[in-house]
**Q** 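Input: one structure, supplied below.
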Amino acid sequence: MDNQKLAQLLFPAITGTPEDLQRQFPPRDLPEGAKVTRMGPSPTGFIHLGNLYGAFVDERMAHLSGGTFYLRIEDTDDKRYVEGAVETITSSLAFFGIGFDEGACSDGAYGPYFQSQRAEIYQTFVKDLVRRGLAYPCFLTEEDLARIRAEQEANKETTGIYGRYAEKSRSLTLEEIEDNLRQGKSYVIRLRSSGNTEPDGSVRYIHVKDAIRGDVSMPANDQDVVILKATGIPTYHFAHVVDDYLMRTTHVVRGEEWLMSLPIHIELFEKLGLEPPVYCHTAVLMKLDEETGNKRKLSKRKDPELSLDYYRSEGYHPQAVKEYLMTILNSDFEEWRAANPETPLEDFPFSTEKMNSAGALFDLNKLNDISKDVLLGIPARELAGFLTDWAALARPELVPLFTDADTGYGPDYLTKILDLGRSGNKPRKDLIYGRQIFDFIGYFFDEYFRVEETIPENVSDEDAREILRRYLDTYDHSDDQGQWFDKIRAIAVDMGYAAKPKDYKKHPEDYKGHVGHVSTVIRLAVMGRTQSPDVWEIQQILGEDRTKARLRALLV
RNA sequence: GGUCCUAUGGUCAAGCGGUUAAGACACCGCCCUUUCACGGCGGUAACCCGGGUUCGAUUCCCGGUAGGAUCACCA
């Protein structure tokens, strides 16, 4: 077989060579040790927590080393394309403070960054492979493939085109190929694999140093995998090898679902004579399945928390999600964070070697706990803005209350609410995420104020009314916190409640209850609930009119 | 089924041949306290099983078991 002729027959339009391309995209001019990473999403527009997890690793590796992080759209499967996907991807990541240095979003010197626009580049490499006898056209139809598969399954053999199953296509003569081409038969280009059998008949293994998993070894590839689809567009495997080489990627971060195709990629790099990057195969994010009690991969359909939109619509602060992700990524991050509460996340010495190769369970509790601390570190004014942004997305009807002082509320009001109890050396950590925050502070807005709990058991209805009446009678909005509470204490004592809970605990028979029960009644009247931050401070925020109105409402 | 990965409390995890087996979240109790939260103190709770190697295995090796991943002209 004249491979030179075959190559020319198959790719008459390709005139360049791999060497030309290598010259066209020379090694990047970066400092020693700088890492070049990339994110390669398919443009379905759906971007989930797993993507963010990976992108975060990419971004940290690149930027911690003074390298480059770029975006490449892997749209070799035209069926998947969704309009506006690039915008969705970049804006989703931007929300979490992850930005690309170059790529599909902003261009750069190593493009094009859409695989669909790189057909000529791939074909240049394929043509070279054909020319060297390392790849060949295959005219097997879907039916042929199905038949082979059925036979293999019946024989309990590995499925695929390899060994003797590849022979027919591999041994096609130039004339047969020409003939097929003339008939307009559809074909793919397959790699002519060297197989994985040693001369002595044993299986040959590949050994790869994975930056997360350490030494990994598995049987070398023996499949004549498809490298160029009938459309002339490469499969993922081939595109990965060509692109990551030409774009001078130093570290490929991808999910462990790719681990099994590593032998293919290694063989492809070998045949192409190119240096493979360092691989970093990340663990899959897991979740405990309620039904089976087993760990399972987070699923797009069953688990809303996989979607990044979930965090946006729930109102999680991006920083909280990031910090949570970092605790999963590098477990010593929590310790570091405790020692460096003020230091930006970017200063943490992240490393792939500290990553765990087992799949971590997604832990919402932990995220919430981290979120409390993160929100505490954000000034109330800024938090008000964040909450307003969240409301615009998830609860648009709240936006006027947060932004418009004419509603009787507005941004200053909201800021005061959010800052409640956060000063001092033992600040409250009530705020977790948007939806939860509004549940927590809703009573500050008359439209959402509702008395939803009942008075303590040991306070009679008559006493409750009496407490409120006396409280309203003596209410002076300018009282300081001490004066204010003295009045409550006076009401309590006067009505037969202990001034101190301890007195009541010691001699419960002497009292109806204690001052805490009395203030609970007030709390219920003003806040609509029995649990809340300091009543006096809340009243100061509510203002005199609103406070009194709520008290009166219960007395009529 | 083949191949590969993984295996420490409910969860995330330190550990890397000799430890009273860290820590964090969650949970429980106590203290602080007008409620709640915060904070402080304390507590329950773990090395998958079986063989080796070794004076000694959570740690190393082999086997099992379990869970996960993957076996496309999808990425």
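We name chains A, B, ... by the order of the sequence lines, and we start the count at 1 in each one.
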**Q** Is the phosphate of B:G2 approached by A:Thr158 (side-chain N or O, under 4.0 Å from OP1 or OP2)?
**A** no
**Q** Return the stacking result for B:C74 and A:Tyr236: yes when the ring centres lie under 5.5 Å apart and the planes under 30°, no otherwise.
**A** no
**Q** Is it the case that the side chains of A:Thr76 and A:Tyr122 hold a donor-acceptor pair, with the cut-off being a distance below 3.5 Å and no angle test?
**A** no
**Q** Rounded to whole angstrom, note down the P distance from B:G51 over to B:G10.
**A** 24 Å
**Q** State which of B:C73, B:U34, B:G39 makes the closest approach to the side chain of A:Lys429.
**A** B:G39
**Q** Round to a whole Å and report the spacing from CD of A:Glu323 to P of B:A24.
**A** 17 Å
**Q** Checking contacts here: which listed nucleotide (B:C73, B:C5, B:A13) is nearest the side-chain heavy atoms of A:Val226?
**A** B:C73
**Q** Quick check on RNA chain B: between A:Pro427 and A:Pro501, whose nearest nucleotide comes earlier from the 5' end?
**A** A:Pro501
**Q** Just how far, in rounded Å, is P of B:U3 from CD of A:Gln152?
**A** 16 Å
**Q** Would you indicate which nucleotide in B:A69, B:C73, B:A37 comes nearest to any side-chain atom of A:Asp430?
**A** B:A37
**Q** For A:Phe139, does its backbone N or O pair with a side-chain atom of A:Lys185 as donor and acceptor, under 3.5 Å?
**A** no
**Q** Measure from CG on A:Asp503 to C1' on B:U34 and round the result to the nearest Å.
**A** 13 Å
**Q** Are A:Glu153 and A:Thr159 close enough that some pair of their side-chain heavy atoms sits under 4.5 Å apart?
**A** yes
**Q** Indicate, yes or no, whether a donor-acceptor pair under 3.5 Å links the base of B:U35 to the side chain of A:Arg529.
**A** no
**Q** Whole Å only: how far is the CZ atom of A:Arg523 from the P atom of B:U33?
**A** 16 Å
**Q** Please report the distance separating the P of B:C25 from the corresponding atom of B:C41, rounded so that it comes out in whole Å.
**A** 12 Å
**Q** Check each residue of residues 201-212 of chain A for a non-hydrogen atom within less than 4.0 Å of any atom in RNA chain B, then write out the ones that pass by number, or none.
**A** A:Tyr205
**Q** Could you state the atom-to-atom distance from CG of A:Asp144 to P of B:A72 in whole Å?
**A** 17 Å
**Q** Return the nearest nucleotide to the side chain of A:Val188; candidates are B:U3, B:C73, B:C25.
**A** B:C73
**Q** Nearest to the side chain of A:Arg149 - B:A72, B:A13, B:A75?
**A** B:A72
**Q** When you measure from the side chain of A:Glu256, which nucleotide among B:A69, B:A26, B:G23 comes out closest?
**A** B:A69
**Q** So, A:Thr282 versus A:Glu256: side-chain donor-acceptor pair below 3.5 Å or not?
**A** no
**Q** Closest approach to the side chain of A:Gln531, judged atom by atom: which nucleotide of B:C73, B:A75, B:C36 is it?
**A** B:C36
**Q** Which word best sums up how the rings of A:His237 and A:His265 line up, parallel for under 30°, tilted for 30 to 60°, or perpendicular for over 60°?
**A** tilted
**Q** Can you tell me the distance, in whole Å, between the NZ atom of A:Lys366 and the C1' atom of B:A24?
**A** 4 Å
**Q** Which value, in whole Å, describes the distance between the P atoms of nucleotides B:U44 and B:A21?
**A** 14 Å
**Q** Among B:C4, B:U34, B:A26, which nucleotide has an atom closest to any side-chain atom of A:Leu259?
**A** B:C4
**Q** So that I can tick it off, tell me whether A:Arg38 and A:Asp58 are bridged by a salt bridge, with the cut-off set at under 4.0 angstrom between side-chain N and carboxylate O.
**A** no
**Q** For the P atoms, the ones on B:C48 and on B:U58, what distance do you get once it is rounded to whole angstrom?
**A** 10 Å
**Q** Please report the distance separating the P of B:U8 from the corresponding atom of B:A13, rounded so that it comes out in whole Å.
**A** 9 Å
**Q** Would you please classify the geometry between the A:His240 ring and the A:Tyr236 ring as parallel, tilted or perpendicular, with 30° and 60° separating the classes?
**A** parallel
**Q** Starting the side chain at C-beta, find the nucleotide from B:C4, B:C25, B:A75 nearest to A:Pro219.
**A** B:C4
**Q** Is it the case that A:Asp510 and A:Tyr504 place a side-chain donor and acceptor less than 3.5 Å from each other?
**A** no
**Q** Quick check: any donor-acceptor pair below 3.5 Å linking the side-chain of A:Lys426 to the base of B:A37?
**A** no
**Q** Could you check whether the rings of A:Tyr433 and A:Tyr316 sit parallel, tilted or perpendicular, using 30° and 60° as the cut-offs?
**A** parallel
**Q** Does a side chain donor of either A:Thr141 or A:Asp144 reach within less than 3.5 Å of an acceptor in the other side chain?
**A** yes
**Q** What is the distance, to the nearest angstrom, from the CG atom on A:Asp479 to the P atom on B:U34?
**A** 18 Å
**Q** Which value, in whole Å, describes the distance between the C1' atoms of nucleotides B:A26 and B:U11?
**A** 8 Å
**Q** Taking the same atom, P, in B:C28 and in B:C4, what whole-Å distance lies between them?
**A** 45 Å
**Q** Closest-nucleotide mapping onto RNA chain B: is A:Ile328 or A:Leu228 further toward the 5' terminus? I mean the 5' end.
**A** A:Ile328
**Q** It should be established whether A:Lys500 places a side-chain nitrogen or oxygen under 4.0 Å from OP1 or OP2 of nucleotide B:U33.
**A** no
**Q** If you measure from the C1' atom in B:G9 to the same atom in B:G15, how many Å do you get, rounded?
**A** 15 Å
**Q** Separation of A:Arg254 atom CZ from B:C74 atom P, in whole Å?
**A** 17 Å
**Q** Quick one: which of B:C73, B:U33, B:C4 gets closest to the side chain of A:Lys502?
**A** B:U33
